[in-house]
Amino acid sequence: MQLATIKQIFRDPSAFTGATVELRGWIRTVRTSSKGFGFIELNDGSFFKNLQIVFDNELPNFDEVGKLTIASSLVVRGQVVESPGAGQAVELKASAIEIVGVAGSDNPVQKKRQTFEFLRTKAHLRPRTNTFSAVFRLRSYVAFAIHRFFQEQGFIYVHTPIITGSDAEGAGEMFRVSTLDPVNPPRTEDGAVDWSQDFFGRETSLTVSGQLEVETYCAAYSKVYTFGPTFRAENSNTARHVSEFWMIEPEIAFGDLKQDSELAEAMLKRVIADVLNELPEEMEFFNRFIDEGLKERLELVRDSEFKRITYTEAIELLQQSGKSFEFKPEWGKDLQTEHERYLVDELFKTPVFVTDYPKDFKAFYMRLNDDQKTVAAMDLLVPGVGEIIGGSQREERLDVLERRIAEMGLNPDDYWWYLDVRRYGAVPMAGFGLGFERLIMYLTGMKNIRDVIPFPRTPKSAEF
RNA sequence: UCCGGAGUAGCUCAGCUGGUUAGAGCAACUGACUGUUAAUCAGUGGGUCGGGGGUUCGAGUCCCUCCUCCGGAGCCA
């Protein structure tokens with residue numbers, strides 16, 4: 001008797017045929033006959049597919065087993081045999097079924113089509129459904145694939161802080177971290193809240209990006225990346241934004257924007273290839289039921305060069321498009337969602353790097369180009385999702401960086417440690433931020449970011 | 001935050017210009033049947049009509065208000 005997973009059996013059915021195994025899992029469906037036999041589809045989470053269990057009235061608990069409800073948990077022992085039925089190559093002929101936990105018949109997850117909106121309200125139960133089981137197995141796998149990609153290339157994984165004392169990251173509204181009594185906080189003489197009495201002796205927040213911190217490690221290890229949760233207290237209500245999300249932020253020293261985009265392209269292609277190779281059942285499911293044409297699209301992206309255009313070229317293409325946009329494309333104004341959608345969904349139909357944006361609406365740390373008007377920034381737009389990566393070459397020239405900080409009305413004192421990196425052995429540096437959930441959306445075809453993170457946090461919503 | 005839409009059975013929805021006891025399909029349950037596989041067939045139970053307030057003889061239906069969800073926009077990843 002060996003303990004087996006359903007994945008092991010499906011991956012190598014001939015090796016298991018004839019073997020006696022023990023499986024542990026949950027019932028997806030059960031069909032019984034009064035003739036004295038029945039079928040259970042068992043899932044143990046190891047694999048997308050269920051294994052069919054055949055049982056008959058030689059089991060002492062046959063009647064009890066036949067009345068089991070969906071989601072009830074079992075330990076099943078029996079022999080793996082070739083299946084006479086059409087739906088599967090092998091099945092398990094049960095010699096014993098131990099009922100571990102019986103699920104109540106009021107289980108909200110039912111054997112019927114259920115909307116993603118409804119299942120979102122049952123976030124604790126939805127991983128038991130086909131779609132979410134596939135999404136979150138893929139999510140786990142992609143996290144691993146990303147680590148593997150960077151580790152193979154000698155990148156050092158840096159754990160940048162979740163709680164940050166830096167209010168200078170500039171990437172969005174922050175969540176305050178405090179242990180002060182919200183009803184009666186200590187106050188200074190002029191009546192303001194006295195943060196010096198707070199836990200850390202200063203105002204602290206949840207990080208919106210590990211970039212500034214990871215750059216300091218880049219200046220020691222050459223190639224680094226972060227991969228962790230980030231938090232934005234923006235009142236964003238869209239299918240592409242959550243308040244808590246995971247971000248991958250690589251940073252390369254002695255690197256420019258070109259190398260940065262090449263790194264992003266190689267990483268995406270590698271992850272796509274890995275997912276297609278190693279999760280074929282999940283990808284087939286997404287392709288059939290979630291997003292028709294997904295596989296073909298990903299295969300094309302895996303095998304083709306990403307497009308590269310400058311912001312200035314993008315504006316020209318939009319102006320020449322003959323399309324009537326709600327917002328007229330104009331140099332000096334940021335690209336609107338409708339503009340990005342046109343470029344990526346209609347014109348190119350493949351991932352596009354847009355580079356060299358006007359400095360006025362980009363962050364202070366992005367490297368000023370020789371034209372003095374644009375910065376060495378890039379966004380990667382992908383079909384169906386839009387912006388998935390934002391990156392830039394960093395301003396390594398101390399005097400230019402200080403001038404940019406002043407220009408944007410920021411306080412240079414907040415950046416003393418960031419500026420130190422430029423003072424002591426500055427090098428050209430570049431990096432990008434990849435939204436992990438957006439990557440999962442792109443790989444699965446799922447349309448709402450709330451359905452690719454286990455317990456989504458959005459404005460007015462933090463159940464579970 | 002702005003614009004638009006929606007909250008009626010466990011789920012997805014119907015319910016007309018306000019009018020008896022609020023409907024269907026699916027799911028669940030009970031039974032029949034079947035090497036079944038989104039099984040099939042028959043039967044049964046299941047509702048504070050999102051919350052609060054108002055108009056009316058009478059409100060699921062009309063008005064006000066709040067809440068939540070969905071789609072789009074902005075912010076971004």
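Excluded from the calculations below are hydrogen atoms, water molecules and symmetry mates; all remaining heavy atoms, backbone and side chain alike, are included. Below, chains carry the letters A, B, ... as their sequence lines are ordered, and counting in each starts from 1.
Side-chain atoms of A/Arg113 and base atoms of B/A38 include no donor and acceptor less than 3.5 Å apart. In the interface, the side chain of A/Asn50 is not paired with the base of B/U37 through any donor and acceptor atom under 3.5 Å apart. For a distance-only test at 3.5 Å, the side chain of A/Arg450 fails to qualify as a donor-acceptor partner of the base of B/C70. Donor-acceptor pairing under 3.5 Å, judged by distance alone, is present between the side chain of A/Gln88 and the base of B/U36.
Taking the P atoms as reference points, B/C64 lies 16 Å from B/C3, given to the whole Å. Atom name P, nucleotides B/G74 and B/G52: the rounded distance is 38 Å, in whole Å. Comparing B/A14 with B/G7, their C1' atoms are spaced 15 Å from each other, to the whole Å. One P atom belongs to B/C16, the other to B/G23, and the distance between them is 14 Å to the nearest Å. Separating the C1' atom of B/A9 from that of B/A27 is a span of 11 Å, rounded to the nearest Å. Of the P atoms belonging to B/A28 and B/C69, the separation is 29 Å, rounded to the nearest Å. Taking atom C1' in both B/A38 and B/C26, one finds a spacing of 11 Å when rounded to whole Å. Comparing the same atom, C1', in B/C33 and in B/A59 gives a spacing of 48 Å after rounding to whole Å.
Using a 4.0 Å heavy-atom cutoff across all strands shown, A/Phe118 reaches sugar-phosphate atoms only and no base atom. Residue-level contact check: A/Ile389 touches the backbone only, with heavy atoms under 4.0 Å from sugar-phosphate atoms and none from bases. Counting any heavy atom pair closer than 4.0 Å across all strands shown, A/Gly433 reaches sugar-phosphate atoms only and no base atom. Backbone-only contact: A/Phe37 has heavy atoms under 4.0 Å from sugar-phosphate atoms and none from a base. Here A/Asp106 lies out of heavy-atom contact (under 4.0 Å) with every strand. A/Lys112 comes within contact range of at least one nucleobase, with a heavy-atom separation under 4.0 Å. A/Thr115 comes within contact range of the sugar-phosphate backbone alone, with a heavy-atom separation under 4.0 Å but no base atom that close. Across all strands shown, A/Glu91 has heavy atoms under 4.0 Å from base atoms, whether or not it also approaches the sugar-phosphate. Among the heavy atoms of the strands lying under 4.0 Å from A/Ser236 is at least one base atom, whether or not backbone atoms are also near. Residue A/Glu117 is in sugar-phosphate contact alone, with no base atom involved, counting any heavy-atom pair closer than 4.0 Å across all strands shown. As judged by a 4.0 angstrom heavy-atom cut-off over every strand, A/Ile388 is placed among residues touching the sugar-phosphate backbone only.
Across all strands shown, B/U1 pairs with B/A73; the Watson-Crick or G-U wobble distances both stay below 3.5 Å. Across all strands shown, B/G10 is found opposite B/C26 as a Watson-Crick or G-U wobble partner, with both distances under 3.5 Å. B/G19 is paired with B/C57 under the Watson-Crick or G-U wobble criterion, all donor-acceptor distances under 3.5 Å. Pairing for B/U40 goes to B/A32, judged as Watson-Crick or G-U wobble with the two contacts each under 3.5 Å.
Looking at heavy atoms from C-beta onward, A/Tyr225 lies out of side-chain contact with A/Gln153 at the 4.5 angstrom threshold. At a threshold of 4.5 Å between non-hydrogen side-chain atoms, the residues A/Phe348 and A/Leu317 count as touching. A/Asp44 has its side chain out of reach of A/Arg24: every pair of non-hydrogen atoms, C-beta onward, lies at least 4.5 Å apart. Looking at A/Val382 and A/Leu439, their side chains never come closer than 4.5 Å, going by heavy atoms from C-beta outward.
Checking the phosphate oxygens (OP1, OP2) of B/A39, a side-chain nitrogen or oxygen of A/Arg31 falls inside 4.0 Å. Proximity of A/Thr32 to the phosphate of B/U36: no side-chain N or O atom is located under 4.0 Å from OP1 or OP2. Checking the phosphate oxygens (OP1, OP2) of B/G10, no side-chain nitrogen or oxygen of A/Lys122 falls inside 4.0 Å.
Atom CZ of A/Arg28 and atom C1' of B/U36 are 18 Å apart (whole Å). The interatomic distance linking A/Arg120 (CZ) with B/C70 (C1') rounds to 8 Å, in whole Å. For A/Gln110 and B/A9, the CD to P distance is 13 Å, given to the nearest whole Å. Atom pair A/Arg240:CZ and B/G71:C1' shows a separation of 12 Å (rounding to whole Å applied). Between A/Met267 atom CE and B/A77 atom C1' the separation is 12 Å, expressed in whole Å. The CD-C1' distance, from A/Glu326 to B/C2, rounds to 12 Å in whole Å.
Looking at the side chain of A/Arg232, the nearest of the listed nucleotides B/G74, B/C29, B/C76 is B/C76. The side chain of A/Glu234 has B/C75 as its nearest neighbour among B/C69, B/C75, B/G35. Distance from the side chain of A/Lys460 is smallest to B/U68 among B/A28, B/U68, B/A73.
Both cation-pi conditions hold for A/Lys362 and A/Tyr357: the charged atom is under 6.0 angstrom from the six-membered ring centre and inside a 45 degree cone around its axis. Both the sub-6.0 Å distance and the 45° axial angle are satisfied by A/Arg126 relative to the ring of A/Phe132.
Here the side chain of A/Gln114 pairs a donor or acceptor atom with the backbone of A/Pro108 at under 3.5 angstrom. Counting only distance, with no hydrogens or angles, the side chain of A/Gln151 and the backbone of A/Arg148 share no donor-acceptor pair below 3.5 Å.
Each of A/Val54 and A/Gln114 was assigned the nucleotide of RNA chain B with the nearest heavy atom; the assignment lying further toward the 5' end belongs to A/Gln114.
By the 30° and 60° cut-offs, the orientation of the rings of A/Phe48 relative to A/Phe285 is tilted. Between A/Tyr217 and A/Tyr221, the two ring planes are parallel [angle under 30°; tilted spans 30° to 60°].
Across residues 57-85 of chain A, A/Thr69, A/Ser83, A/Pro84, A/Gly85 each have a non-hydrogen atom less than 4.0 Å from an atom of RNA chain B (numbered order).
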